[in-house]
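Below: one structure, written as structure tokens.
Heads up: numbering here begins at 1 and tracks the sequence.
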Amino acid sequence: MKILGIIPARFASTRFPGKPLADLGGQSMIERVYQQAKKSVTLSKIVVATEHQGIFDHVIAFGGNACMTSENHPSGTDRCFEALTKEKESFDYVINIQGDEPFIEPSQIDLLANYLDGNTQLATLIKKIDSYEQLNSNSEVKVTFNTRNEALYFSRAVIPFIQKVDPKNWLDHFEFYKHVGMYAYRTDILKEITQLELSPLEKVESLEQLRWVENGYIIKVAKTTVETMCVDTPEELVIAKQILEKRK
């Protein structure tokens, strides 16, 4: 399978403008993500998709591939599709790698890639929840799936609900999973899903993957055991710097 890794990198973040260019231990956020993605053994090519000339120039300067995309994309998925259309080569799949996860492990990319066999339409990562803080956080998206490892539903609420058990003890009675925001799309499916109208469930949960589920697409889930960190705010950047310093 020929797989294109795309890292969407938007300058105009509401909570953290200029986040991709933020310094993290002497390297920008986007460079750290790019260098981690380069260690993957399954990606045929990596490109940063951005709407900002400064990010584009920065990526080219450190030796990466980049392309300019529209300022008006509502999601990283839409940005990925435009980036794909700008490629001169053809690819079987696209993997959307989050540009704000500087500690992403190459093994996670390769794990997801192993599910891409030509039949898989869409795939994503999930991780077992091991704390009540994660379980009850509305920012952690929970997921349920069937015996074929196909997603049934995603929610910011705790799913499933366990009857007749104190919620303080739920982790002792069921394995809950959270969604890790890395997506793989078969290229023909990527084109299709970007043309779908917003769906009712997507609107209420503010989760684009529900649009795909509502329209009958199958999302395979792959279980990872690696914990990563998404940097959404300047405060979280400080925490990321502390983590990096400890690793050194």
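- Taking the ring centre of Phe91 as origin, the terminal cationic atom of Lys2 falls inside the region bounded by 6.0 Å and 45° from the ring axis.
- Among all heavy-atom pairs drawn from Ala113 and Thr42, the shortest one is CB-OG1, 3.4 Å.
- The side-chain heavy atoms of Phe62 and Val59, taken from C-beta on, include a pair separated by under 4.5 Å.
- Asn149 places no side-chain N or O within 3.5 Å of a backbone atom of Phe145 that could act as its donor or acceptor partner.
- Dense packing is recorded around NZ of Lys45, with more than 12 heavy atoms of other residues, nucleotides or ligands lying under 6.0 Å away.
- Every residue was checked against the ring-ring contact (aromatic ring centres under 6.0 Å, His included) condition with Phe16, not counting sequence neighbours, and none meets it.
- Residues Leu116 and Ile126 do not share a hydrophobic cluster, defined by chaining ILVMFWY side chains whose heavy atoms lie under 4.5 Å apart.
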**Message:** Working note: Arg15 + Glu236, criterion side-chain contact (heavy atoms from CB on, under 4.5 Å); need CA distance, chi angles, decisive distance, verdict.
**Reply:** CA-CA 11 Å; Arg15 287 184 287 180; Glu236 289 175 341; over 6 Å; no
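- Note that the OG atom of Ser139 and the CG atom of Asp232 stand 8.5 Å from one another [nearest 0.5 Å].
- The hydrophobic cluster containing Val221 also contains Leu207, counting ILVMFWY residues as joined when their side-chain heavy atoms lie under 4.5 angstrom apart, directly or transitively.
- Between the side chain of Tyr93 and the main chain of Gly118, a donor-acceptor pair closer than 3.5 Å is present.
- Panel note: side chain Thr50, backbone Ala9; a donor-acceptor pair is recorded below 3.5 Å.
- Of the possible polar contacts, none joining the Asn169 side chain to the Asp172 backbone as a donor-acceptor pair under 3.5 Å is found.
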Could you go step by step and tell me if Leu190 and Val94 meet the side-chain contact (heavy atoms from CB on, under 4.5 Å) rule? CA-CA 8 Å; Leu190 177 58; Val94 166; 4.1 Å; yes
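- Tyr177 and Glu175 form a side-chain donor-acceptor contact under 3.5 Å, judged by distance and modelled atom types alone.
- No hydrogens or angles considered: a donor-acceptor pair under 3.5 Å links the side chains of Glu205 and Tyr153.
- Among residues at least two apart or in separate chains, there is no ring-ring contact (aromatic ring centres under 6.0 Å, His included) pair with a member in residues 217-248.
- Legend: salt bridge (charged side-chain N to carboxylate O under 4.0 Å, His left out) pairs involving residues 56-82, not counting sequence neighbours, sorted by first then second residue: Glu82-Lys86.
- Linking Ile, Leu, Val, Met, Phe, Trp and Tyr residues whenever their side-chain heavy atoms come within less than 4.5 Å places Ile60 and Met68 in a single cluster.
- The CD1 atom of Ile46 sits 7.5 Å away from the NZ atom of Lys38 when rounded to the nearest 0.5 Å.
- Tyr183 contributes atom OH, which lies 3.0 Å from atom CD of Gln209 (distance to the nearest 0.5 angstrom).
- Considering every non-hydrogen atom in both Arg211 and Ser199, the closest pair reads CA-OG, 3.4 Å.
- Considering all non-hydrogen atoms of both residues, Gly99 and Ile7 come closest at CA-CG2, 3.5 Å.
- Within a 6.0 Å sphere centred on CD of Gln53, heavy atoms belonging to other residues, nucleotides or ligands number more than 12.
- Between the side chain of Tyr34 and the backbone N or O of Asn65 there is at least one donor-acceptor pair closer than 3.5 Å.
- In this structure, the side chains of Ile97 and Val33 come closer than 4.5 Å at one or more pairs of heavy atoms.
- Distance alone, capped at 3.5 Å, places no donor-acceptor pair between the Thr144 side chain and the Leu152 backbone.
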Review item, side-chain donor-acceptor pairs of residues 237-244, under 3.5 Å, at least two apart:
none

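- Residue-environment remark: CD (Glu133) stays at or below the threshold of 12 foreign heavy atoms within 6.0 Å.
- By the salt bridge (charged side-chain N to carboxylate O under 4.0 Å, His left out) test, Glu51 is found to be paired with no residue, residues two or more places apart in sequence or in another chain being considered.
- Residues Tyr185 and Gln121 have side chains that never bring a donor and an acceptor to within less than 3.5 angstrom of each other.
- In this structure, Leu4 CG and Ile95 CD1 are separated by 9.5 Å, a value rounded to the nearest 0.5 Å.
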Could you go through the side chain to side chain donor-acceptor pair (under 3.5 Å) check for Asp117 and Thr120 one step at a time?
CA-CA 6 Å; Asp117 57 3; Thr120 299; 3.1 Å; yes
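- When atom types are taken as modelled, the side chain of Lys220 and the backbone of Arg148 share a donor-acceptor pair closer than 3.5 angstrom.
- Cluster membership check: Leu198 does not share its hydrophobic cluster with Trp212, using side-chain heavy-atom separations under 4.5 Å among Ile, Leu, Val, Met, Phe, Trp and Tyr.
- Of all the heavy atoms in Pro102 and Val231, the pair that sits closest is CD-CG2, 4.0 Å.
- In the hydrophobic cluster analysis, where Ile, Leu, Val, Met, Phe, Trp and Tyr join through side-chain heavy atoms closer than 4.5 angstrom, Val213 is grouped apart from Ile218.
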Exercise. Take Ile30 and Lys19 through the side-chain contact (heavy atoms from CB on, under 4.5 Å) test and state the conclusion after the steps.
Key: CA-CA 8 Å; Ile30 193 63; Lys19 177 169 60 175; over 6 Å; no
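- A distance of 9.0 Å separates NZ in Lys178 from OG in Ser137, rounded to the nearest 0.5 Å.
- Clustering of Ile, Leu, Val, Met, Phe, Trp and Tyr by side-chain heavy atoms under 4.5 Å joins Phe176 with Ile129, Tyr132, Leu135, Val158, Phe161, Ile162, Val165, Trp170, Leu171, Phe174.
- Tested against Met182 for a side chain to side chain contact (heavy atoms under 4.5 Å, CB included), the candidates Thr224, Thr228, Leu125 yield a single pass: Leu125.
- Heavy atoms only, all atoms of each residue included: Pro8 and Cys80 are closest at CG-SG, 3.8 Å.
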Between Leu21 and His58, does the side-chain contact (heavy atoms from CB on, under 4.5 Å) criterion hold? Intermediate values first, please.
CA-CA 8 Å; Leu21 298 178; His58 173 66; 3.7 Å; yes
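- Expressed to the nearest 0.5 Å, how far CG of Asp100 lies from OG of Ser13 amounts to 8.0 Å.
- Although no hydrogens or angles enter the test, the distance criterion places no donor-acceptor pair under 3.5 Å between the side chain of Gln36 and the main chain of Glu105.
- No salt bridge links Glu140 with Arg156; every basic N to acidic carboxylate O contact stays at or beyond 4.0 Å.
- Using a distance-only test at 3.5 Å, with no hydrogens or angles considered, no donor-acceptor pair links the side chain of Ser206 to the main chain of Glu202.
- Arg186 and Asp92 are not joined by a salt bridge, as no carboxylate oxygen comes within less than 4.0 angstrom of a charged side-chain nitrogen.
- The backbone N or O of Ser28 sits nowhere less than 3.5 Å from a side-chain atom of Asp23 that would complete a donor-acceptor pair.
- Across all their heavy atoms, Lys223 and Leu111 have their closest contact at O-CD2, 3.3 Å.
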